[in-house]
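Data block below; observations after.
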Amino acid sequence: MRALFLFFILLLSGLFQSQSKQFLYEYRFIPDSTEKKQSITEIMVLDIDKKRSLFFGQERYRSDSTLVSNAQKGIISMPTEGGSMIEDKVIKYPNSSQIEYVKVISYGKYIISQEVKLPWKLSSEFKTILNHKVQKATVSYGGRQWTAWFAKDIPFQDGPYKFYGLPGLILELEDHGKNHQYMLKGIKDTKEEFIYPTVNNYKISKISYPQFIKLYKNYRTNPVADLIGKIPDYQDTEGNTVSGQQKVREIEKDRLDEIKKDNNIIEIDLLKK
């Protein structure tokens, strides 16, 4: 019993010696509910320090870091576009149900203030993940039923995305339809304070969650509303004149096609009318 107690103290000491702790999750999701066999996988990072936790996509972080590094060297480079790169971020604070959800919509970046309360139900079911004994818990959130497996021996009441509040770190999380799954793959110490690189390539606005819902739904209905009248006529590489209206229509078609395929989002209740 004494040996077990000493082991737990050493574990806690190791967890808090570093400036921050990074937990790497494999995130697998199905973006289009009509193509269940087509899934996308990306590594997500949960960085936890004493003041806050930050959840973000590893590929977007690498892209943003390259942009900032190049800018410091006087090199002008363009941000990576397209693909499955996840731009969303989630910031949580200790002992608070208030989070900040950072999302890019069209040509704007929005910091959304939101209160998230999760009425977890603990189960008496246990298993082992990465040599950690984990306990099962369930919750309803965002229009989906979720199952989480958390480890009490990793003393952070946190987890992927907006999920938190269990007496230990969430190591695995998935909805009942297996459309969205998070699985812990590694843990990394950061001895220096982790600061996400600031890329000033979007206009940033702070909004409430109700404002975000309205903005998000309007965008999915009319994704080029902010472009109308803003693209002038121009000549393409072959010298042909292209009207601004024609270009807007092309962009609208592309965006509506993307939106149509993006019908299985993690908070599916946002798609309800």
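Model, not experiment: these values are computed from the prediction.
From Gln157, atom CD reaches atom CG of Asn95 across 7.5 Å, with rounding to the nearest 0.5 Å. Separating the CG atom in Leu169 from the CD1 atom in Ile187 is a distance of 7.5 Å, to the nearest 0.5 Å. Taken to the nearest 0.5 Å, the OH atom of Tyr161 stands 11.5 Å off from the CG atom of Leu173. Note that the CD1 atom of Ile207 and the CD1 atom of Ile112 stand 5.0 Å from one another [nearest 0.5 Å].
Pairs engaging residues 118-141 under the salt bridge (Lys or Arg N to Asp or Glu O under 4.0 Å) rule: Glu125-Lys136, Lys127-Glu172 [sequence neighbours left out]. The ring-ring contact (aromatic ring centres under 6.0 Å, His included) analysis of residues 214-271, with sequence neighbours excluded, yields the pairs Phe212-Tyr216.
Residues Leu166 and Tyr25 fall within the same hydrophobic cluster, defined by Ile, Leu, Val, Met, Phe, Trp and Tyr side chains chained together at heavy-atom separations under 4.5 Å. Clustering ILVMFWY residues whenever any of their side-chain heavy atoms sit less than 4.5 angstrom apart, transitively, puts Ile154 in a cluster other than the one holding Val45.
Within the cation-pi definition used here (under 6.0 Å to the ring centroid, within 45° of the axis), Lys89 qualifies as a partner of Tyr196.
Looking at residues two or more places apart in sequence or on another chain, you find a side-chain contact (heavy atoms from CB on, under 4.5 Å) between Glu252 and Asn222, Val224, Leu256. With sequence neighbours left out, Pro31 forms a side-chain contact (heavy atoms from CB on, under 4.5 Å) with Phe29, Ile40. Legend: residues meeting ring-ring contact (aromatic ring centres under 6.0 Å, His included) with Trp120, ordered by chain and number and at least two apart, are absent. Applying the side chain to side chain donor-acceptor pair (under 3.5 Å) test to Glu115 and every residue at least two apart in sequence or in another chain returns Ser97. When the side chain to side chain donor-acceptor pair (under 3.5 Å) test is applied to Asn263, the partners found at least two apart in sequence or on another chain are Asp32, Ser33. Under the side chain to side chain donor-acceptor pair (under 3.5 Å) criterion, Ser113 pairs with Gln98, sequence neighbours left out. Residues meeting the side-chain contact (heavy atoms from CB on, under 4.5 Å) test with Glu26, sequence neighbours left out: Thr41, Ile43, Met183, Lys185. Residues passing the ring-ring contact (aromatic ring centres under 6.0 Å, His included) test with Tyr141, sequence neighbours excluded: Phe163. Scored by the side chain to side chain donor-acceptor pair (under 3.5 Å) test, Lys253 finds Asp257 as partners (sequence neighbours excluded). Taking Glu238 as the reference, Asp236, Asn240 meet the side-chain contact (heavy atoms from CB on, under 4.5 Å) condition, with sequence neighbours excluded.
Aromatic ring centres of Phe194 and Tyr61 lie closer together than 6.0 Å.
One finds a salt bridge joining Arg52 and Asp47 here, because a Lys/Arg side-chain nitrogen approaches an Asp/Glu carboxylate oxygen to under 4.0 Å. Comment: Lys247 engages Glu250 in a salt bridge, judged by a side-chain N to carboxylate O separation of less than 4.0 angstrom.
Considering only heavy atoms from C-beta on, Pro167 stays 4.5 Å or farther from Gln135 through its side chain. Using a 4.5 Å heavy-atom threshold, the side chains of Glu35 and Ile30 count as separate.
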